[in-house]
Amino acid sequence: MKESQTQPVKMTGAEAVMQSLINEGVDLVFGYPGGAIMPVYDALYSVRDKINHILVRHEQGAVHAAQGYSRVTGKAGTCIVTSGPAATNTVTGIADANIDSTPLVVIVGQVGSTLLGTDAFQETDIVGISQPITKWNYQITKSEEIPWAIARAYYIARSGRPGPVLLDITKDAQFGSLDYVYKQRTSVRSYTPYPPVDPYQVEEAGRLVNLAKKPMALIGQGVVLAGAEKELIEFLEKTGIPAAQTLLGLSAIPSDHPLNVGTLGMHGNYGPNIMTNESDLLIAIGMRFDDRVTADTRRYGTKARVIHMEIDPAEINKIIHADAPVLGNVKESLPMLTGKVSKNDHSLWLEEFKACYRIEDERLISKELYPDKPQLTMPEVIRRVSAAFNDDAIMVTDVGQHQMMAMRYFKFRQTRSVVTSGGLGTMGFGLPAAIGAKLGRPDREVCLFVGDGGFQMTIQELGTIFQSKVPVKIVLLNNNFLGMVRQWQEMFFDYRYSFTELINPDFQTIAKGYHVPSVKVTERQDLDEAIGKLAAAEGPFLLEVLVEKEGNVFPMVPAGMSVEDVRLE
C-alpha cells in the first residue's frame, strides 16, 4: 500500500476512485463497463499502466474471478460494474463471498443523484438489495465522499472476519470535482475486527486439552484467513491431536501430514465422521459448524466437550454449544493455547482413525481409483491429474459431485491451494474463479475441475481466458447429468430423474471457437496421454473426460442423519 496522502490535489470523482485504488495497493480489477460507470472507466484508461483490468463476459464472472484472486493471495479482490442489471448480476457472487468470508470490494455505478428513486433507466436499489449479504455497503452521492468511502471499504473488507463490501457511486459524484486527500483507515468507530483474546478462556481450553483422551481438531478456513498455518502445525505436533478439515479448511495442513486424518462432513472421510461421536474433545479452529459438517446437531459430538476458537462472536454457541469458547484471531490465540498444553502422544487414538481409513480404502477408495468397470470414474481422473502436477497445484472446482470427489482425491503440499464455493454452493463459480486464481498466482499451476452443468453456466468466460491469455488448466468431468441432484433422486426419490439429464453441446467445438486447445477422452487407455498434454500445455487447455453417468459420491451422511450414520455405499 502507498503512504496516506496529506496534500490536497484537485481531481474528478472518477479520478479519485482510481487514485484511491492505487493508494490501497490495487493493481488488478475485474469488470464490465456501462453507462453509469463510464466516467470511472475513462479514468481507468489513464492509469491502465498501474491497474490491470480484466474484461469478463458477465458481471457474475467478475465477482467470482475477484473471489478466486482473493482466495489465493489473501488480498481483497476488486470488481467494477455499471448500474441496474449489471449491479444485480453481481449479487450471487457477493452472497457467495459473504458466506465464505472472502474479502471483496465491488464498485457499482449508479444513476445521477437527482434521478434516484425515479425508476430511471438502469436504476436499481443495489444498496438495499445487497445490505443483507455485505459486510458493509454505502451509496456515494458526492465526489468528496469517495476517498473516505474507499479507504473504509478496503479496511472493513480485509480486517477481522473478511467479507464483501459494495460501493454504489452516482454518476454526478463521478463527474464532480474535489480536493483529493487520501488517508488509509486503521480503525472504524464501534467496529472491533480483532476482539482481544481472554487469557482465562485460553487457560480453560488448555485444561480441557490436557485432560482429553480422544481429542480431535476441526480445521476451518479461519486458519488460512488468519495466516495461522504454522501456529496450527505447532499446536498439533505438540499435542499429537488428529486433525480433520472442512471443505474450505483443506490445504491448511499438507495432505501427507501424519496428523491429517481427512475431511469432515456429508461427503468427508469415514474416520472423521465416525470418530466425531467417539471423541471426548472437539477443538474447532476457525470453523463455524456448518450443517454439512454437523448433520443432526442433536446427535453430534455426543461424548465430547467443545473448544471453539473463533474470531466472530456471532458464531460462538450459534450451532454447537462451546464448553470453552476462545474468542479472537487464531493467529494470536493458537500460540497462547500451545503454551498452555502439555506435550502429548495420542498415537493409540490416531490408530483408530487409521483403522477407519483401511475400511474406507478397502470398501471404497481402491475401487474408485482402480475400478473394474469400463467407464472412467471421477476419482481416478482427479487423482491422476493431481499427481501430474506433483500434488502441488491450486485446485479450483465448480459445485457438484466433482467438487466432493476433488475434495477427496486432490492432494496439497502448501496452503491457499483450494478455491471452491462452500456455503452457497454456486454452480458456475469454477471457471471465472480459476481465472482470478491464476492471475493472482501466475507462479503456480491452477487446475479447474468442473461438471458439464456448472461449466455451461459461465462458459462464456472462455472468452476472457482467450482475450486475456490466462493459462488455466480445465478438466471437464462430463457425465451428461446434474450429477449431485441425480444422486439424491436415485437414493431418496426412487430413481425419478426429474429434469437432471443433460443433452450437451460439443464442448470441443466450443473450445475451438474460443481458441482454447482441447482433447476429449472416452477410454481409459487414452487418459494418461491426455493428462500429459494438459500438464505440458503452456497456455490454457481443456481436457474433457466422459465419466460414468450414474456414479455416486461416497462416503455420505444422509440429510437429517447423524455423522455416525455415514454410508460407504
Side-chain angles (χ1 to χ4, degrees), residues 247 263-274 276-277 290-300 356 359-382 397-409 420-430 449-457 476-505 522 545-569:
L247 173 62
T263 53
L264 297 160
M266 176 175 281
H267 293 293
N269 289 103
Y270 183 62
N273 276 302
I274 289 291
T276 297
N277 283 359
D290 178 78
D291 64 286
R292 287 297 168 109
V293 167
T294 65
D296 183 356
T297 55
R298 296 167 301 176
R299 293 182 286 164
Y300 178 82
C356 287
I359 293 171
E360 184 178 347
D361 182 54
E362 179 182 351
R363 293 178 55 185
L364 182 63
I365 295 172
S366 60
K367 295 177 181 178
E368 290 189 324
L369 292 181
Y370 308 103
D372 58 358
K373 51 191 171 184
Q375 304 97 332
L376 284 157
T377 67
M378 290 186 186
E380 63 179 314
V381 177
I382 292 164
T397 83
D398 206 84
V399 168
Q401 287 183 315
H402 70 276
Q403 178 189 31
M404 297 296 98
M405 291 297 195
M407 171 188 75
R408 288 175 51 75
Y409 291 107
T420 193
S421 173
L424 199 63
T426 304
M427 290 179 68
F429 172 90
F449 294 97
V450 63
D452 44 314
F455 190 43
Q456 293 179 81
M457 287 193 171
L476 169 59
L477 297 169
N478 183 354
N479 60 7
N480 292 105
F481 264 115
L482 299 176
M484 189 62 85
V485 184
R486 185 215 56 77
Q487 178 173 336
W488 281 57
Q489 289 173 335
E490 174 189 330
M491 297 177 67
F492 309 117
F493 292 88
D494 196 26
Y495 289 85
R496 292 165 61 86
Y497 294 164
S498 180
F499 302 102
T500 47
E501 187 166 11
L502 294 172
I503 305 300
N504 285 323
T522 61
V545 184
L546 264 60
V547 295
E548 58 179 336
K549 291 190 67 171
E550 296 183 68
N552 289 331
V553 185
F554 289 103
M556 181 178 183
V557 180
M561 303 294 281
S562 164
V563 286
E564 63 189 12
D565 297 320
V566 58
R567 294 169 53 177
L568 287 172
E569 54 191 17

Within the 4.5 Å heavy-atom criterion, are Thr420 and Met407 side-chain neighbours or not?
no
List the steps, then state whether side chain to side chain contact (heavy atoms under 4.5 Å, CB included) holds for Leu364 with Glu569.
CA-CA 8 Å; Leu364 182 63; Glu569 54 191 17; over 6 Å; no
For the atom pair OG1 (Thr263) and OH (Tyr270), what is the distance rounded to the nearest 0.5 Å?
15.0 Å
Got a donor-acceptor contact below 3.5 angstrom from the Gln403 side chain to the Ser421 backbone?
yes
Can you see which heavy atom on Gly271 is nearest to which on Cys356, and at what distance?
CA-CB, 3.5 Å
Kindly say whether Val450 contributes a backbone atom to a donor-acceptor pair with the side chain of Asp398 at under 3.5 angstrom?
no
Considering the options Lys549, Glu550, Glu548, which one meets the side chain to side chain contact (heavy atoms under 4.5 Å, CB included) requirement together with Gln375?
Glu548
What orientation do Tyr495 and Tyr497 show, parallel under 30°, tilted 30 to 60°, or perpendicular over 60°?
tilted
Tell me, do Leu502 and Leu482 make a side-chain contact under 4.5 Å, heavy atoms counted?
yes
How many angstroms lie between CE in Met561 and CZ in Arg567, if you round to the nearest 0.5 Å?
8.5 Å
Taking every heavy atom of Glu380 against every heavy atom of Pro371, the minimum-distance pair comes out as OE2-CG, 3.3 Å
Just wondering, do Phe481 and Gln401 contact through their side chains at under 4.5 Å, heavy atoms?
no
Lys/Arg N to Asp/Glu carboxylate O, Arg298 vs Asp296, below 4.0 Å
yes
Side chains of Val563 and Thr294: closer than 4.5 Å at any heavy-atom pair?
no
Can you measure from CZ (Phe554) to CD (Gln487) and round to the nearest 0.5 angstrom?
5.5 Å
Pair Glu360 + Arg408, salt bridge at N-O below 4.0 Å
yes
Can you tell me if Asn479 uses its side chain to pair, donor with acceptor, with the backbone of Val547 under 3.5 Å?
no
Could you tell me whether the side chain of Asp565 and the main chain of Ser562 form a donor-acceptor pair under 3.5 Å?
yes
Answer yes or no: is there a side-chain heavy-atom contact under 4.5 Å between Thr397 and His402?
yes
When you compare the side chain of Phe499 with that of Val485, does any pair of heavy atoms fall below 4.5 Å?
no
Pairwise distance CG(Asn277) to OH(Tyr300) - rounded to 0.5 angstrom
8.5 Å
Separation between CG of Asn504 and CG of Asn480, rounded to the nearest 0.5 Å:
5.0 Å
Any donor and acceptor pair, going by atom type alone, linking the side chain of Thr377 with main-chain N or O of Glu368 inside 3.5 Å?
yes
State, without any angle test, whether Ser366 and Asp361 hold a side-chain donor-acceptor pair at a distance under 3.5 Å.
no
Atom CD of Glu362: over 12 foreign heavy atoms under 6.0 Å
no
Can you list the steps and then say if Met484 with Met427 is a side chain to side chain contact (heavy atoms under 4.5 Å, CB included)?
CA-CA 11 Å; Met484 189 62 85; Met427 290 179 68; over 6 Å; no
Looking only at atom types and distance, does a side-chain atom of His267 sit under 3.5 Å from a main-chain N or O of Met556, one as donor and one as acceptor?
no
Please check this pair: side chain of Asp494 against backbone of Glu490, looking for a donor-acceptor N/O pair closer than 3.5 Å.
no
Within a strict 4.5 Å, meaning less than it, do heavy atoms of the Arg292 and Leu247 side chains meet?
no
Hey, is the main chain of Glu564 close enough, under 3.5 Å, to the side chain of Asn273 for a donor-acceptor pair?
no
Would you say that Phe455 contacts Asn478 through its side chain, given a criterion of any heavy-atom pair below 4.5 Å between the two side chains?
no
Intermediate values then yes/no, side chain to side chain contact (heavy atoms under 4.5 Å, CB included), Asn552 and Arg486
CA-CA 9 Å; Asn552 289 331; Arg486 185 215 56 77; 2.6 Å; yes
